[in-house]
Every structure is written in structure tokens, then in C-alpha cells.
Number of protein chains: 2
Amino acid sequence: MDKLLTAIVDDHPIVIEGLKTMLQNEENVQIVGGFGDGESILFYMKSNQVDLILLDVTLPDINGMDLCQMIKKESLSTVILILSNRTERSIIMQTIQNGASGYLLKNSSIDELRNCIAEVAKGNICFSKEVIDIISRPSKNELQGRPRLTRREKQILILIAEGKTSQTIANDLFLSPLTVDTHRKNLIQKFEVKNMAELIKVAYEQFIL
Amino acid sequence: MDKLLTAIVDDHPIVIEGLKTMLQNEENVQIVGGFGDGESILFYMKSNQVDLILLDVTLPDINGMDLCQMIKKESLSTVILILSNRTERSIIMQTIQNGASGYLLKNSSIDELRNCIAEVAKGNICFSKEVIDIISRPSKNELQGRPRLTRREKQILILIAEGKTSQTIANDLFLSPLTVDTHRKNLIQKFEVKNMAELIKVAYEQFIL
DNA sequence: ATAAAAATACCTAAAAATCAGGAGAAAAAA
DNA sequence: TTTTTTCTCCTGATTTTTAGGTATTTTTAT
């Protein structure tokens with residue numbers, strides 16, 4: 001098997017150097033360069049093949065999620081492995097949704113890194129142990145502080161998210177618009193939000209929608 | 001190693017039987033029962049240990065995402081492996097976010113199933129090849145039809161999602177409220193939505209928020 | 001340098017949502 | 001069978017958003 005042509009994208013030169021050192025003796029990896037921002041890796045990819053990208057999500061110019069998409073647009077076969085300090089589950093999930101094949105925290109061991117590189121090279125999706133914990137563990141504020149919605153409230157919430165007005169919803173459900181307004185009010189109270197926009201946001205964050 | 005006490009939850013008896021047959025000769029798996037709905041597995045778990053659940057997302061009583069959470073609430077150590085026909089990426093991601101450790105399509109081979117069971121039992125997250133494709137491939141309507149937002153628009157979108165009014169946003173950004181209104185208007189046009197609630201919804205669906 | 005895109009600001013009116021109360025009927029739970 | 005929750009509808013005032021526009025200044029890209 002040919003070595004994986006591997007690029008490192010991180011705005012900390014130290015991290016780049018560290019990774020280079022850690023990976024220089026790997027049999028299946030060949031570092032083709034370190035890049036400090038999104039622009040430069042995208043530019044490099046226009047004229048060079050890259051099989052694997054070790055990518056930090058926080059970059060000066062482009063955010064990691066967007067960069068993932070751009071990289072995949074440039075070359076679908078390039079595999080992206082995220083190396084980041086960010087431990088928010090939403091960030092992890094979003095990078096995967098945007099085309100990354102794996103996610104490691106920066107404090108991962110060389111073994112985990114090695115293992116993940118092997119897995120993603122095979123086409124699998126791979127996370128470090130710590131990341132799996134984050135993904136699997138329903139966070140306190142997601143499970144605990146999650147308001148209980150009645151059937152009607154849930155139903156109306158969905159219709160609100162579809163952009164419908166109280167009037168329209170009332171017609172759909174054969175209710176008075178005033179009733180729908182009451183449910184709106186109750187939803188706002190239950191979720192402790194200021195308006196419908198914020199309501200939809202937290203509903204998404206808490207996976208109710 | 002002890003055998004994994006494994007429950008099958010699916011509303012099609014044929015699927016339950018098929019899985020039982022497929023897995024009866026596995027060394028590390030012991031089927032403890034088949035369940036046709038969410039209630040019955042939750043009830044069973046109250047008095048019996050279950051290590052692994054093979055779960056269909058579409059059930060008559062409770063939807064798969066919610067059931068995942070309930071199962072994890074009942075027993076955090078129980079590992080959930082989704083077996084489903086649903087190929088929507090959002091469903092796959094949501095089950096994982098809700099505590100599932102893997103996702104297979106029902107037409108997966110016995111080898112893939114065997115492999116995934118082994119992986120999730122080790123604490124890893126595992127998908128079948130087809131599922132990986134779904135997750136990794138940015139779908140047309142997500143990449144293509146995604147409106148390009150300017151920096152300002154994105155910034156204002158975030159503040160709107162926080163429940164702020166035009167007035168408040170204007171204060172935050174040292175702008176005229178009228179300017180903020182213009183950006184609102186442009187956002188509504190770009191996303192082709194009817195109001196802010198729907199805007200936040202599609203922004204989430206397209207991973208912009 | 002010039003064209004295009006983005007950001008800024010304004011106007012008028014109508015429509016819709018939010019706030020702050022209350023109150024009766026139906027359904028579900030204890 | 002109570003009790004509690006949910007669902008329903010109401011008044012009235014206020015705030016905010018939405019839907020048409022127009023138009024100037026700054027940035028950005030060619």
C-alpha cells in the first residue's frame with residue numbers, strides 16, 4: 001500500500017511540528033505539509049493530491065465545519081480526521097455531518113491517533129475514547145432540564161417550525177387562534193425563551209425537533 | 001467473556017425471528033427476547049439485565065430517538081445498535097446523539113452485523129459501509145441549495161436564534177434597527193422561508209447553526 | 001480602476017407575536 | 001373519585017416582525 005499523503009492544518013506551528021514528529025516514523029503516513037489556515041490547504045489541494053487531512057476545527061480564516069465541506073468539494077476521496085480541543089458534542093457531530101471521518105481530542109495518545117488513522121483510511125468512522133464518551137453521554141442539560149411537552153404542544157411546535165402563523169395552525173387543527181396563542185405562551189415559559197426563534201433553537205439543541 | 005445478553009426490538013415478528021436465527025450460533029451473543037414495542041422492552045429492563053439492544057427506529061408506540069434516551073436512562077451500560085431501513089442522515093445522527101452506539105441498514109450482511117456487535121461491545125461506535133456513505137456524502141440539497149450568507153447575516157442569524165429583537169441586536173452591533181430589519185428580510189428571502197421560526201429550523205437542518 | 005457584492009439606513013402599513021391577566025371543560029392520573 | 005394536568009377560549013394593550021419599496025457608502029473581486 002502506498003503511503004497516505006497527509007496534510008496537517010492547524011494554526012499553532014507547535015502542534016504541526018509535534019504531529020510531524022509523532023508521525024514521521026509511521027509506515028503508512030507521509031506528511032506533505034503543514035498549513036496554518038483554511039485558504040492555504042485549499043490552494044495546495046488544487047495542484048496536489050492529499051489522502052488524509054489532520055484538521056483543527058478552530059482556524060483563523062474559515063471554521064472547521066465549512067472547511068470540511070470545501071475540502072470534500074475539492075476532493076471527495078480525501079479523508080478528514082479532526083484534531084481539536086473542542087469537546088462540545090454539537091461540534092463533533094457537525095464535523096462528521098460535514099464530511100469528517102473521525103474526531104480526536106488533542107490530548108489523545110499516539111496509539112489512538114495511529115489507530116484512528118488506520119480506521120479512517122479503511123473508510124470507517126473513528127473516534128477516540130473520550131470523544132465516544134462525549135457523544136454517548138447525554139449531557140445534563142440535555143436530558144435533565146428538558147421540559148416535558150404535551151402532545152398538543154409538540155404538535156404545535158412542529159407547525160411553528162414550519163413557519164406557520166397562529167391563524168394557519170388554528171385552521172389546520174380546527175382550533176381558535178387564541179388557543180394556539182396560549183400554547184405559544186406556554187411553550188415560551190416552559191423553555192424559558194424569549195420568542196419563537198429561540199424556541200426552535202433550543203428545541204433543536206435538545207433534539208426535540 | 002460472558003455472552004452479551006441481547007434483546008431485539010422490532011415490530012415485525014419476521015425480523016425478530018430472522019435475527020434470532022442469524023445470531024443463535026454466535027459465541028458472544030445470547031438472545032434474551034424479542035419485543036414488539038418500546039413499552040415492553042422498557043418494562044423488561046426494569047427486572048432483567050440487558051447488555052445489547054438491537055433496535056428498530058420505527059416502532060408503534062415510541063419513536064426510536066426517544067426510546068434510546070429512555071433505555072440509557074434505565075441502564076447507561078446497555079449498548080444500543082440500531083437496525084433500520086431509514087436512510088435519512090438526520091435520523092442516523094439523531095439516534096447516535098440520543099445514545100445509540102451504531103447504525104446498520106436492515107439489508108446489511110451477517111458479517112457486518114457480527115462486526116458491528118463486536119465493535120459496539122468494545123465501546124466503539126460502528127456503522128455499516130452504506131451508512132458511512134450516507135453520513136459522509138454531503139447530500140445535494142444540503143451542499144448545493146444552501147444559501148451563501150455574508151458575515152453580517154450569519155452574525156445576525158445567530159443573535160436572532162438567541163431570541164434577540166432587532167432593537168437589541170442593533171444595540172449589540174451598533175447599528176440602526178432598520179439595518180437589522182433589512183438583514184432579516186434578506187435572510188428570509190435567501191432561505192425562502194416565511195418567518196424567523198422557520199429560518200432557524202432550516203438553518204439547523206442545513207448545519208449553518 | 002471599475003464593477004459587483006455587501007452593508008448600511010430609511011419609509012409606510014399591515015400582520016403577527018408577545019405580555020399579562022383569567023377561567024371553564026375535558027382528560028388523565030393518583 | 002378526587003385531584004391535577006391539559007386543552008380550550010377570552011380581553012386588551014403593546015411590541016415586533018413582515019412586506020413592499022429606495023438609496024448611499026464600503027468592501028471585495030476582476
Side-chain angles (χ1 to χ4, degrees), chain A residues 37-40 42-43 46 60-63 66 70 146-203 208-209, chain B residues 38-39 42-43 61-62 70 146-203 208-209:
Chain A
D37 54 44
E39 270 308 324
S40 50
L42 287 171
F43 181 76
K46 284 192 196 300
D61 55 344
I62 314 175
N63 84 60
D66 291 346
M70 295 175 192
R146 184 172 148 175
R148 277 187 212 80
L149 296 190
T150 67
R151 207 168 304 165
R152 247 322 185 227
E153 284 168 346
K154 205 162 184 176
Q155 187 180 27
I156 286 174
L157 172 59
I158 290 167
L159 296 174
I160 288 169
E162 286 172 7
K164 301 193 174 181
T165 65
S166 291
Q167 190 58 255
T168 318
I169 294 171
N171 287 338
D172 286 6
L173 303 180
F174 306 103
L175 294 173
S176 156
L178 297 161
T179 305
V180 179
D181 281 341
T182 304
H183 287 300
R184 284 186 116 97
K185 216 185 326 184
N186 293 337
L187 283 166
I188 284 179
Q189 282 192 338
K190 281 194 181 180
F191 280 92
E192 296 175 326
V193 294
K194 291 188 278 300
N195 54 34
M196 288 302 126
E198 194 183 2
L199 173 71
I200 304 298
K201 185 192 73 163
V202 308
I208 290 163
L209 271 176
Chain B
E39 271 308 323
L42 287 170
F43 180 76
D61 55 343
I62 314 173
M70 295 174 190
R146 183 174 148 176
R148 276 186 210 80
L149 296 190
T150 67
R151 206 169 304 166
R152 241 336 179 217
E153 284 168 347
K154 205 162 185 177
Q155 187 181 27
I156 287 175
L157 173 59
I158 290 167
L159 296 174
I160 289 170
E162 285 171 10
K164 302 194 172 179
T165 66
S166 291
Q167 189 59 255
T168 318
I169 295 171
N171 287 338
D172 285 7
L173 303 180
F174 307 105
L175 293 175
S176 157
L178 298 161
T179 305
V180 179
D181 281 341
T182 304
H183 286 299
R184 283 186 117 97
K185 223 181 321 183
N186 293 336
L187 283 166
I188 283 179
Q189 282 193 337
K190 281 193 182 181
F191 280 91
E192 297 175 324
V193 294
K194 291 190 278 299
N195 55 34
M196 287 301 125
E198 194 183 1
L199 173 70
I200 304 299
K201 185 192 73 161
V202 308
I208 290 163
L209 271 175

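Chain A is the first sequence line, chain B the second, and so forth, proteins listed ahead of strands; every chain is numbered from 1. Below, all heavy atoms of this structure are taken into account, side chains as well, without hydrogens, waters or symmetry copies.
- As a whole-Å value, the separation of A/K194 NZ from C/dT18 P is 12 Å.
- A/A203 and A/L157 get closest at one heavy-atom pair: CB-CD2, 4.2 Å.
- The separation between B/K185 atom NZ and C/dA9 atom C1' is 11 Å, rounded to whole Å.
- Overall, the helix from C/dA1-D/dT30 to C/dA30-D/dT1 carries an axis bend of 80° between its ends, with five pairs at each end and the value rounded to 10°.
- Here the C1' atom of nucleotide C/dA5 and the CZ atom of B/R152 are 16 Å apart, to the nearest Å.
- Where A/R151 and A/R184 each meet DNA chain C at their nearest nucleotide, the meeting point lying more 5' is that of A/R184.
- In this structure, A/L187 places its CG atom 13 Å from P of C/dC19, rounding to the nearest Å.
- Heavy atoms of B/S166 sit under 4.0 angstrom from primed sugar atoms or phosphate atoms, though from no base atom.
- Although no hydrogens or angles enter the test, the distance criterion places no donor-acceptor pair under 3.5 Å between the side chain of B/E153 and the main chain of B/L149.
- Distance B/F174 CZ to C/dA7 P: 18 Å, rounded to the nearest Å.
- Using a 3.5 Å distance cut-off with no hydrogens or angles, the side chains of A/T168 and A/T165 do pair a donor with an acceptor.
- Not one N or O on the side chain of A/D181 forms a donor-acceptor pair closer than 3.5 Å with the backbone of A/R184.
- Contact between B/S176 and B/A170 at its shortest, heavy atoms only, is C-CB, 3.8 Å.
- Rounded to whole angstrom, the span from the CD1 atom of A/I200 across to the P atom of C/dA17 amounts to 12 Å.
- Looking at heavy-atom distances under 4.0 Å, A/N195 makes contact with sugar-phosphate atoms alone, never a base.
- Looking at every heavy atom in both residues, A/D37 comes nearest to A/S40 through OD1-OG, 2.8 Å.
- The only member of A/I188, A/I169, A/I156 that meets side-chain contact (heavy atoms from CB on, under 4.5 Å) when paired with A/H183 is A/I156.
- What separates CG of B/N186 from P of C/dA5 is a distance of 14 Å, to the nearest Å.
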Derivation and outcome, side chain to side chain contact (heavy atoms under 4.5 Å, CB included), residues A/I160 and A/L187: CA-CA 11 Å; A/I160 288 169; A/L187 283 166; 4.3 Å; yes
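- B/K154 places its NZ atom 17 Å from the C1' atom of C/dA7, with the value rounded to the nearest Å.
- Nearest approach of B/K194 to B/E198, heavy atoms of both residues: N-OE1, 2.9 Å.
- The nucleotide range of DNA chain D contacted by chain A, defined by atoms under 4.0 angstrom from heavy atoms of the protein and reported 5' to 3', is D/dT6 to D/dT11.
- Here B/T179 lies in heavy-atom contact (under 4.0 Å) with a base.
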